[in-house]
Every structure is written in structure tokens, then in C-alpha cells.
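Position 1 is the first residue of the sequence; numbering continues from there. In listed order, ligands and their atoms are each counted from 1. Values below: all heavy atoms of this structure, side chains included; hydrogens, waters and symmetry mates excluded.
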Amino acid sequence: MVRLAIDLPKIAKVTNTAIPVLIIVFGLAGYFFSFYFHFGTVFFFLLTLINYYYRHIQKPHAILRNFGILGQMRYLIESVGPEFRQYLYASDTEERPFSRVERAEVYRKSKDVDSSSSFGSLLNFDEHEIKLRHSMYPVDKKDSTPYSLTFGEERGIKNTYTITKPFIISAMSFGALGEHAVRSLARGARMAGIPMNTGEGGYPKYHLKEKCDLIFQMGTAKFGVRHKDGRLDDAKLARLAKNKHVKMIDIKLSQGAKPGKGGLLPKEKITKEISELRGVPMGKDVISPPHHLECTNARTTVKFIDHVQRVSELPVGIKLCLGSEHEFRELVEEMKKQNIFPDYINIDGAEGGTGAAPKSFMDDMGIPLFKALPLVQQILIDEGVRDRLKLVCGGKLISPGKQLMAMAMGADAVYTARGFMLAVGCIQALQCNKNTCPVGITTHEKDLQAGLVIADKAQRVSNYVKNLEHDFIELLASMGCKSVKDLTPERVYVPGKAHA
Ligand SMILES: Cc1cc2nc3c(=O)[nH]c(=O)nc-3n(C[C@H](O)[C@H](O)[C@H](O)COP(=O)(O)O)c2cc1C
């Protein structure tokens with residue numbers, strides 16, 4: 001019986017033999033019939049040269065050496081594989097980091113369209129999922145207490161900062177993001193009445209243009225507020241902190257996607273402007289150190305927090321991904337010893353995103369949020385200092401349900417970076433580090449940014465927040481809570497953990 005199968009090696013052999021033969025065929029046709037056949041002669045001649053190079057000269061690619069020009073098909077198909085998988089083959093729930101179901105919900109919220117569904121959830125219910133516990137006696141959401149959180153009140157400082165929605169746009173630098181994305185997010189933040197973290201991109205020129213409330217992030221390289229040697233320039237920080245839109249300072253000790261590693265801005269993304277805002281040269285990858293030069297142990301870290309609080313006169317928090325509980329407890333003990341506390345601690349789950357990071361760090365380093373958060377909360381309670389600061393957190397908290405889970409586990413407010421990227425149209429192309437973002441978010445190419453219309457995307461940010469808040473309050477009421485203050489860990493069902 002004849003069995004149909006594609007024998008690729010055989011096809012490659014035939015192709016490699018046919019190409020030089022076609023030079024002769026077209027050459028003869030050009031000679032005898034029409035000059036125009038010589039276009040084919042030239043074409044196949046060039047193909048033969050390329051094929052010769054692939055098969056006999058270049059050495060790094062075994063496939064090209066063995067199969068010649070046809071081997072390129074493999075690279076061609078591989079290069080469009082992610083798009084094919086995303087659009088044609090991947091199921092609605094299996095993509096990472098966010099499934100289509102998760103992304104679609106953000107898109108709907110940001111486009112302000114009805115997000116009710118029918119027939120049943122597409123998510124799993126049998127794989128140890130954490131769920132919220134509703135109450136048999138939900139409260140009327142009209143009786144909900146409005147949310148309010150004041151940073152800096154514990155220290156009794158003059159410049160406290162109050163938020164009235166529990167959501168924050170998480171750190172993403174101008175550099176990782178292009179101008180249009182920064183301005184869309186910043187304008188959207190202003191419209192929605194929430195703060196935006198600047199990320200570690202230096203002087204927040206574009207954020208300031210949009211006049212939203214800002215949390216200025218000081219990464220380990222201290223872009224925008226550094227001396228040449230990488231230490232803090234107090235005068236620059238004090239000047240920036242005086243800007244009325246800068247409400248808090250975020251000292252980044254580490255982030256979930258690359259804890260223990262400094263930031264990385266690939267050279268492809270360093271424009272002249274970025275090099276000026278950050279104070280770094282062009283044409284070279286910019287690597288931030290893995291820790292602040294001032295912070296070499298718990299004692300010096302707490303001293304540095306104190307220093308930044310004094311210089312900026314603003315609420316100051318620290319951002320970290322939990323690694324060692326022992327080290328974290330030591331840090332808290334040192335805070336007690338020096339009687340110095342940051343105004344908030346910001347816990348970033350290991351599942352957090354990034355503009356660029358080594359894969360091994362993204363995959364294998366740090367503790368995920370829903371494991372880290374209860375540990376941090378417990379240490380703060382054990383040490384008797386939970387009331388000395390606020391706790392905020394992030395790590396794929398893009399839906400109100402997940403946000404409530406985090407708040408029930410101890411967070412006072414939540415933030416998301418990629419939730420807001422999706423709101424402004426991110427399609428999860430996974431090219432943030434290449435300057436080729438097809439929807440113009442993580443790129444500085446003017447042509448690509450042209451697709452990102454600031455006014456339109458800012459509206460989406462605002463819609464996203466509005467609809468998050470709506471669902472958030474509804475869920476809270478169903479849990480029998482009038483306020484986020486009523487949330488306790490028992491309100492979350494964790495499989496295998498018997499309570500409530
Ligand atoms: C494009 C991009 C750029 C980021 N830049 C920074 C940064 O400058 N500083 C920082 O602390 N975290 C940065 N992050 C991490 C986020 O602020 C956040 O901590 C992390 O992604 C978790 O939130 P998410 O899961 O909601 O995205 C970045 C993340 C992304 C996706």
C-alpha cells in the first residue's frame with residue numbers, strides 16, 4: 001500500500017539538485033526564446049550561491065549545512081510559531097503568563113463593555129485553586145465604607161499621601177515603556193484618580209507632563225537622582241520631591257522577575273533622550289547593580305530608608321521580592337532597633353513581570369506572592385509592628401478577585417503593571433526587550449508608537465479602574481464585608497487549610 005508522507009531530507013536533496021539545473025534551463029530559455037527568462041537565470045544563480053554558502057562555508061547552523069536553503073523553512077516557521085500558537089492552537093485558558101480568558105477580561109473592562117458570561121467558568125475547579133468565600137449574609141453595597149488609605153500617617157509627617165482607590169499602577173520605567181505608553185498610563189491614572197509608579201527610569205519627564213500623582217521609584221542605579229559613582233545625590237532627590245505631583249518615594253530593593261539582580265536596559269532601547277534622563281551612555285546595555293551601594297546589610301538598609309525619608313520629606317516605601325524569611329525578619333528587627341520604619345513595604349511576587357531579565361531569574365528565583373504575602377504579614381504581626389506601616393503587593397493581580405485575595409491575606413492596597421499594559425492594548429507578544437512591541441507599548445520606534453493613541457488608551461486605563469472598582473465592591477459585599485478592613489485571611493478558601 002502506498003503511504004503518503006513528507007520526506008523532508010529527500011525534498012531538500014531534490015531542491016539542492018534542482019536549483020543549479022534551473023540555472024541551465026532558464027539560461028537556455030533566455031538564449032533561445034526570450035531575454036526575460038534571464039531574470040530566472042540570475043535568480044537561481046543567486047540562490048545557488050546562497051545555497052553553496054549555507055552548505056559548505058557557514059558552520060554554526062547544522063540544519064542549513066545539511067539541508068541548504070530549505071532548512072531556512074524551519075527558522076521561518078519557528079519565528080512565526082508563537083503567533084500561530086497564540087491565534088490558532090492555544091486554548092483559552094492555557095497561555096502564560098496570562099491566558100486569553102484573563103486578558104479578555106481586562107480588555108473588556110478597559111473598553112467598558114459588558115463582561116458577564118454564560119454557561120460556566122472556563123477556569124479549573126479541581127486543581128487546588130484558591131477562592132474567595134462568600135457570606136450567606138451579603139451586605140448591601142450601598143452600605144460599603146469608601147476606601148481610603150493614608151501613607152505616612154504612622155510617622156505623623158506633614159506630607160502624608162492618601163489614596164481613595166486600592167489600585168496603583170506599578171513601576172514601569174520610561175525606557176522599558178515608550179513615550180506614548182507612559183503618557184497613556186499617566187493620563188489614565190489622573191483620570192481614574194490613582195497613583196502611578198514611575199519605575200526606575202530616571203527623571204519622570206513624560207509622567208509629569210500628564211500631571212498624575214506619582215510614586216518616584218529609586219532603583220539600585222538611582223537614575224535621575226544619582227552621583228556619577230551611583231550613590232544618592234541628596235540635592236537632586238530633594239528637588240524632585242518638591243514637585244507637587246511626586247507624592248511618595250519607592251526604594252526598589254528587588255523585584256519579583258529578577259530578585260537579587262539589578263535592572264537591565266538593552267542597548268537597543270537607549271535613545272539619546274533616555275541616556276540624558278538616566279545619565280548613562282548610549283550603545284551599551286545598562287545594568288543596575290544588584291543592591292543599593294548604601295545597603296549592604298539590615299543596619300545600613302534601615303539607615304538608608306531613614307536618610308531618604310529625611311531628604312525627601314515624603315512617605316517612603318521599599319519594594320522587594322521575598323527570598324529569605326530570616327533576612328526579612330532581621331530587617332524588621334533592625335527597624336525596631338533603630339525605631340525607623342518605611343511608610344510601606346511593597347511585596348512583589350516572583351511571578352512578576354519585567355521589561356527584560358534573564359530567564360533563569362524569571363523562572364526559578366523568589367517566592368510567589370500568595371506564599372510570600374502571608375509570611376510577611378505574619379512576621380510583621382509577630383514582631384508587633386504591623387501598625388507601623390502599610391503593606392502593598394503585586395504579582396498578576398489583574399482581576400478584582402485576585403486583588404481581594406491579596407487584601408484578605410494582609411495587603412492594604414494592590415498594584416499591577418501588566419494589568420495596565422493589557423488595558424492599553426498589550427497583546428502579550430513577549431517582545432518587551434526587543435524594541436519591536438507590535439502595539440507600540442514597550443518600544444521607542446515612532447512608527448510603532450503611532451498605533452497607540454494616547455487619548456484613547458488613557459480612557460481605557462480609566463475604564464479599567466472604574467470597572468475593577470465596581471466588581472471589587474460587589475465581591476466585597478458578597479463576602480459580607482462593608483469595608484476592606486473587614487477582610488481577614490479566613491475570607492479566602494485555601495485548599496487543604498481548614499478554617500472559617
Ligand atoms: C515592562 C515592564 C517594566 C517594568 N519595570 C519595572 C521597573 O522599572 N521597576 C520595578 O520595580 N519593576 C518593574 N516592573 C515590574 C512591575 O512593576 C511589577 O512589580 C511586576 O510586573 C508585578 O506586577 P504584574 O504581575 O501586575 O505585572 C516592570 C514590569 C514590566 C512588565
Side-chain angles (χ1 to χ4, degrees), residues 96-98 102-103 106 167-178 181-182 185 195-202 204 207 214-224 249-266 269 274 277-278 286-288 290 292 317-322 345-357 361-362 366-370 372-373 392-400 402-403 406 411 413-424 426 428-435 437 439-444 464 468:
R96 295 281 188 279
F98 298 100
E102 291 168 311
R103 295 198 313 269
V106 178
F167 321 113
I168 297 170
I169 300 184
S170 190
M172 288 178 281
S173 62
F174 171 65
L177 303 184
V182 168
L185 292 168
M196 173 174 181
N197 189 311
T198 61
E200 54 188 311
H207 304 78
L214 291 176
I215 302 167
F216 176 75
Q217 186 177 65
M218 190 197 295
T220 53
K222 303 190 185 60
F223 295 126
I249 308 292
D250 188 55
I251 304 174
K252 175 177 146 182
L253 299 179
S254 62
Q255 86 180 75
K258 46 187 168 186
K261 177 126 187 64
L264 170 79
L265 183 67
K269 298 184 75 169
I274 288 177
L277 292 177
R278 297 195 181 204
V286 175
I287 297 166
S288 310
H292 288 269
I318 52 173
K319 172 174 182 171
L320 62 103
C321 173
L322 187 68
I345 293 179
N346 172 346
I347 298 297
D348 202 36
E351 63 274 53
T354 174
F361 275 80
M362 280 200 276
I367 303 183
L369 183 65
F370 284 164
L373 189 57
V392 301
C393 72
K396 298 178 78 171
L397 301 180
I398 67 171
S399 66
K402 292 281 185 300
Q403 292 167 341
V414 292
Y415 61 81
T416 173
R418 287 168 295 175
F420 284 102
M421 285 175 77
L422 292 168
V424 295
C426 167
Q428 197 168 278
L430 308 181
Q431 296 173 23
C432 307
N433 59 339
K434 298 200 174 104
N435 204 27
C437 174
V439 289
I441 297 175
T442 54
T443 178
H444 300 282
Y464 179 47
L468 275 180

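- Remark: ligand 1 and Ala417 share an N or O pair separated by less than 3.5 Å (distance only, no angle test).
- For atom 2 (C) of ligand 1, the closest heavy atom belonging to the protein is Gly355 N, 3.5 Å.
- In terms of N/O distances under 3.5 Å, ligand 1 is not approached by Leu397.
- Nearest heavy-atom pair, Ala413 versus Ile168, reported as atom, atom and distance to 0.1 Å: CB-CD1, 4.5 Å.
- Ranking protein heavy atoms by distance to atom 6 (C) of ligand 1, first place goes to Ala171 O, 3.1 Å.
- The two atoms that bring Ala417 and Ala171 nearest to each other are CB-O, 4.4 Å, heavy atoms only.
- Taken to the nearest 0.5 Å, the CZ atom of Phe216 stands 10.0 Å off from the CD atom of Glu200.
- Looking at ligand 1, you won't find any N or O of Leu177 less than 3.5 Å from one of its N or O atoms.
- Enclosure of atom NZ in Lys396 by more than 12 non-hydrogen atoms of other residues, nucleotides or ligands within 6.0 angstrom is indicated.
- Not a single N or O atom of Thr442, backbone or side chain, sits closer than 3.5 Å to an N or O atom of ligand 1.
- Judged by the shortest distance from any of its heavy atoms, Phe420 lies outside the 4.0 Å radius around the atoms of ligand 1.
- At least one N or O atom of Gln217, backbone or side chain, sits closer than 3.5 Å to an N or O atom of ligand 1.
- Note on ligand 1: Glu351 sits outside its first shell, no heavy atom being nearer than 4.0 Å.
- In plain terms, the two heavy atoms of Gln403 and Leu397 that are nearest each other are NE2-O, 3.1 Å.
- Each of Lys319, Met196, Arg418 was compared with Ser170 under the side chain to side chain contact (heavy atoms under 4.5 Å, CB included) criterion, and only Lys319 meets it.
- At the shortest separation from atom 20 (C) of ligand 1 among protein heavy atoms lies Gly353 N, 3.3 Å.
- Distances from ligand 1 to the non-hydrogen atoms of Gly395 include at least one value under 4.0 Å.
- Nearest heavy atom pair, residue Ile347 against residue Ala372, reads CG2-CB, 4.1 Å.
- Heavy-atom minimum distance, Gly256 versus Asp348: N-OD2, 2.7 Å.
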